[in-house]
Participant: 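Following this message is one structure expressed as structure tokens.
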Amino acid sequence: MRKTSLIMLGAFLGAGTSMVATQTDFLSGPRAVAASAETYRQLSLFGDVFEKVRTDYVEKPEESKMIEAAVNGMLTSLDPHSSYMDAKAFRDMQTTTRGEFGGLGIEVTMEDGLIKVVTPIDDTPASKAGLLANDVITQIDEDQVQGLTLNQAVDKMRGPVNSAVKLKISRKEAKDPIEVTLTRDVIKIRPVRSRVEGGDVGYVRLTQFNEQTFDGLRTAVDKLSGEIGNDKLKGYVIDLRNNPGGLLDQAVLVSDAFLDRGEIVSTRGRNPDETQRFSAKAGDITKGKPVVVLVNGGSASASEIVAGALQDHKRATILGTRSFGKGSVQSIIPLGGSGALRLTTARYYTPSGRSIQAKGIEPDTEVLQDVPDELKGKDETKGEAGLKGHLKQKDTEERGGSSAYVPPDPAKDKQLTAAIDFLHGIQKGASNTQKPSLPN
């Protein structure tokens with residue numbers, strides 16, 4: 001599981017910081033800016049090259065793919081988070097942000113070229129059919145899975161609601177392969193998970209910021225408060241570790257859930273009149289209970305908006321390791337039936353006016369995990385500063401990534417233990433466990 005979780009993290013961050021961590025902002029049209037004569041000359045050059053390749057290349061090229069590659073090349077040259085999405089990629093992005101789709105209800109990962117079940121989601125076709133963690137999917141509708149990418153396998157398992165799909169499963173405990181036929185259903189991605197820790201602490205894990213996140217957070221807080229009792233409840237741990245981000249409006253709503261007033265975040269574009277400020281409304285769903293927010297090298301974008309807002313307002317103690325450092329906002333601009341443009345249009349700033357671009361959120365208290373020997377050196381993310389072509393900041397020291405390891409066993413999770421101890425008022429003085437964060 002340790003190996004699997006790290007592989008999943010790498011895959012998720014690779015896609016998440018650029019695809020999931022976006023602001024879905026459907027614009028009516030780009031700002032009109034006159035192009036220079038030199039620009040038109042360069043466009044003419046592109047047309048000449050395109051025509052030459054189209055007529056003289058050794059094999060007949062697919063013209064639509066040539067144009068798509070040219071557009072994507074232009075966008076990816078800007079920064080790591082701008083790109084072109086074809087129609088399918090655009091639909092997939094919308095599915096991710098909606099948080100529901102037609103499928104089977106299993107979380108899967110790729111390990112050693114095999115598609116392995118991480119966990120079946122409760123009350124879904126997969127859980128009802130008896131699929132188990134660590135099952136290996138070898139066939140999907142008679143098609144061999146070996147050789148497929150993870151995304152290709154997931155695409156084959158998703159499909160219209162009420163349609164059937166047949167899986168062949170290899171299970172260690174079973175001598176022969178297991179064949180099951182499942183009927184796809186509406187699967188809702190659960191971005192919020194919660195439980196009671198130590199009998200008096202509410203633990204809430206946010207895995208991403210999709211359209212369901214704020215409602216899930218509110219439901220979780222209400223449930224935990226009812227289970228523990230408001231008099232007994234010491235506070236809440238909000239776990240944003242390895243959360244790659246998501247929708248800006250959900251980050252604002254989650255931050256607002258703990259604040260009564262003040263600015264949450266501002267976004268500043270190329271022109272001064274494009275600045276937007278988002279402020280909190282009265283009402284704290286925790287009724288003022290202490291809050292500890294956990295972050296690490298996998299916490300990016302929307303996660304950093306929440307952590308930065310609560311840190312600047314001194315509403316929460318930020319604990320863990322330095323966050324990813326993605327301080328830019330992407331707008332999704334539909335292009336008719338030809339997909340969409342994902343374009344970096346603004347930087348965001350915390351309430352105190354700081355940008356965390358290529359720097360990250362420094363925790364108030366740094367707590368390092370005990371990383372297994374086989375994962376040492378592989379547990380750190382590059383961070384935004386390690387991405388080729390990332391947006392630079394003037395007169396700002398860039399900081400690389402930090403550890404993104406979270407033990408699969410909560411009993412060995414030093415960051416979670418430190419957060420619970422903090423809420424219980426227990427102070428740890430060991431320098432190798434906790435130390436003050438660096439100044440921002």
Side-chain angles (χ1 to χ4, degrees), residues 8-25 79-83 85 89 92-99 189-193 204-214 216-217 238-257 264-267 276 278 293-311 318 320-332 342-350 355-361 363 381-387 390-391 401-402 404 406:
M8 287 184 69
L9 169 64
F12 201 25
L13 278 177
T17 56
S18 60
M19 292 179 65
V20 180
T22 62
Q23 174 193 8
T24 306
D25 184 12
D79 69 83
H81 307 298
S82 294
S83 65
M85 294 182 286
D92 290 345
M93 186 278 297
Q94 290 174 305
T95 295
T96 300
T97 57
R98 278 198 308 269
I189 300 172
R190 291 176 54 206
V192 180
R193 293 177 171 87
V204 183
R205 166 98 174 102
L206 305 186
T207 59
Q208 60 178 278
F209 287 82
N210 65 23
E211 292 177 6
Q212 320 295 329
T213 302
F214 172 67
L217 170 67
I238 308 300
D239 191 349
L240 298 178
R241 294 175 297 179
N242 298 337
N243 181 327
L247 299 173
L248 174 61
D249 63 344
Q250 290 291 311
V252 170
L253 287 170
V254 168
S255 302
D256 193 1
I264 293 171
V265 66
S266 62
T267 62
Q276 289 184 290
F278 301 86
V293 174
L294 297 180
V295 298
N296 66 6
S299 306
S301 195
S303 296
E304 295 171 296
I305 288 175
V306 174
L310 300 187
Q311 184 179 55
I318 313 301
T321 58
R322 186 176 55 257
S323 64
F324 190 86
K326 181 180 179 294
S328 62
V329 179
Q330 284 67 48
S331 295
I332 307 300
R342 179 176 49 223
L343 188 66
T344 300
T345 53
R347 299 173 189 255
Y348 73 76
Y349 294 80
T350 70
S355 169
I356 58 87
Q357 172 64 16
K359 181 181 177 183
I361 298 285
T381 65
K382 292 181 179 180
E384 180 78 9
L387 297 180
H390 67 272
L391 294 177
S402 71
V406 178

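Quick caveat, the model's predicted, so the values are computed rather than measured.
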Participant: CG/Asn243 to CZ/Arg205 distance, rounded to the nearest 0.5 angstrom?
Facilitator: 6.5 Å
Participant: Could you check whether any side-chain heavy atom of Thr95 comes within less than 4.5 Å of a side-chain heavy atom of Arg98, counting everything from C-beta outward?
Facilitator: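 Result yes, sub-4.5 Å side-chain heavy-atom pair found.
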Participant: Report yes if some heavy atom in the side chain of Tyr348 is under 4.5 Å from a heavy atom in the side chain of Leu248; otherwise report no.
Facilitator: no
Participant: Write down the atom of Ala404, the atom of Gly298, and the distance for their closest heavy-atom approach.
Facilitator: CB-N, 3.9 Å
Participant: Quick check on side chain to side chain donor-acceptor pair (under 3.5 Å): which of Ser328, Ser82, Ser331 does Thr344 satisfy it with?
Facilitator: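 Exactly one option meets the side chain to side chain donor-acceptor pair (under 3.5 Å) with Thr344, and it is Ser82.
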Participant: Heavy atoms only: give me the nearest Thr207-Pro244 pair and the separation to one decimal.
Facilitator: O-CD, 3.7 Å
Participant: Go through the structure and list residues passing side-chain hydrogen bond (donor to acceptor under 3.5 Å, both in side chains) with Glu211, not counting sequence neighbours.
Facilitator: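 Partners of Glu211 under the side-chain hydrogen bond (donor to acceptor under 3.5 Å, both in side chains) test: none.
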Participant: Has the side chain of Ser323 got a donor or acceptor atom that lies under 3.5 Å from a matching backbone atom of Val295?
Facilitator: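 No, because the side chain of Ser323 does not come within donor-acceptor range (under 3.5 Å) of the backbone of Val295.
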Participant: First locate atom CG of Leu240, then atom CD1 of Ile361, and finally report the distance between them rounded to the nearest 0.5 Å.
Facilitator: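 If I round to the nearest 0.5 Å, the distance is 11.0 Å.
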Participant: So Val192 and Val204, side chain to side chain contact (heavy atoms under 4.5 Å, CB included) or not? Walk me through it.
Facilitator: CA-CA 7 Å; Val192 180; Val204 183; 3.7 Å; yes
Participant: Once side-chain hydrogen bond (donor to acceptor under 3.5 Å, both in side chains) is applied, do any residues pair with Thr350, and if so which ones, sequence neighbours excluded?
Facilitator: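 With neighbours one apart ignored, the set is Asp312, Ser352, Arg354.
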Participant: Could you give the distance from CZ (Phe324) to OG (Ser301), rounded to the nearest 0.5 Å?
Facilitator: 10.0 Å
Participant: To the nearest 0.5 angstrom, please state how far the CD atom of Gln94 sits from the OG1 atom of Thr97.
Facilitator: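 One gets 6.5 Å once the value is rounded to the nearest 0.5 Å.
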Participant: What closest approach, in Å, do Ser402 and Asn296 show between heavy atoms, and which atom pair accounts for it?
Facilitator: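 Heavy atoms of Ser402 and Asn296 come nearest at OG-C, 4.0 Å.
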Participant: Side chain to side chain contact (heavy atoms under 4.5 Å, CB included) between Val306 and Val293: does it pass, once the steps are laid out?
Facilitator: CA-CA 9 Å; Val306 174; Val293 174; 5.6 Å; no
Participant: Report the distance from atom CG of Leu206 to atom CZ of Arg241, rounding to the nearest 0.5 Å.
Facilitator: 12.0 Å
Participant: Using modelled atom types and a 3.5 Å cut-off, is there a donor and acceptor pairing between side-chain atoms of Glu304 and backbone atoms of Gly360?
Facilitator: no
Participant: Are Val254 and Thr213 side-chain neighbours, meaning at least one heavy-atom pair lies under 4.5 Å?
Facilitator: yes
Participant: What is the minimum heavy-atom distance between Ser299 and Asn242, and which atoms define it?
Facilitator: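 Distance-wise, the nearest heavy atoms are OG-N, 3.8 Å.
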Participant: Where do Val252 and Asp249 land on the side chain to side chain contact (heavy atoms under 4.5 Å, CB included) test, with the steps shown first?
Facilitator: CA-CA 5 Å; Val252 170; Asp249 63 344; 5.5 Å; no
Participant: Give me the one residue out of His81, Lys326, His390, Lys359 that meets side chain to side chain donor-acceptor pair (under 3.5 Å) with Glu384.
Facilitator: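 The single option meeting the side chain to side chain donor-acceptor pair (under 3.5 Å) with Glu384 is His81.
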Participant: Nearest heavy-atom pair of Gly320 and Pro363: which atoms, and what distance?
Facilitator: O-CG, 3.5 Å
Participant: Please walk me through it: do Ile305 and Phe209 pass side chain to side chain contact (heavy atoms under 4.5 Å, CB included)?
Facilitator: CA-CA 11 Å; Ile305 288 175; Phe209 287 82; over 6 Å; no
Participant: Does the Gln357 side chain pair with the main chain of Gly327, one donor and one acceptor, at a distance under 3.5 Å?
Facilitator: yes
Participant: What pair of heavy atoms forms the shortest contact from Leu217 to Ala257, and how long is it?
Facilitator: CD2-CB, 4.1 Å
Participant: Roughly how far, to the nearest 0.5 Å, is the CG atom of Asp79 from the CG atom of Leu391?
Facilitator: 5.0 Å
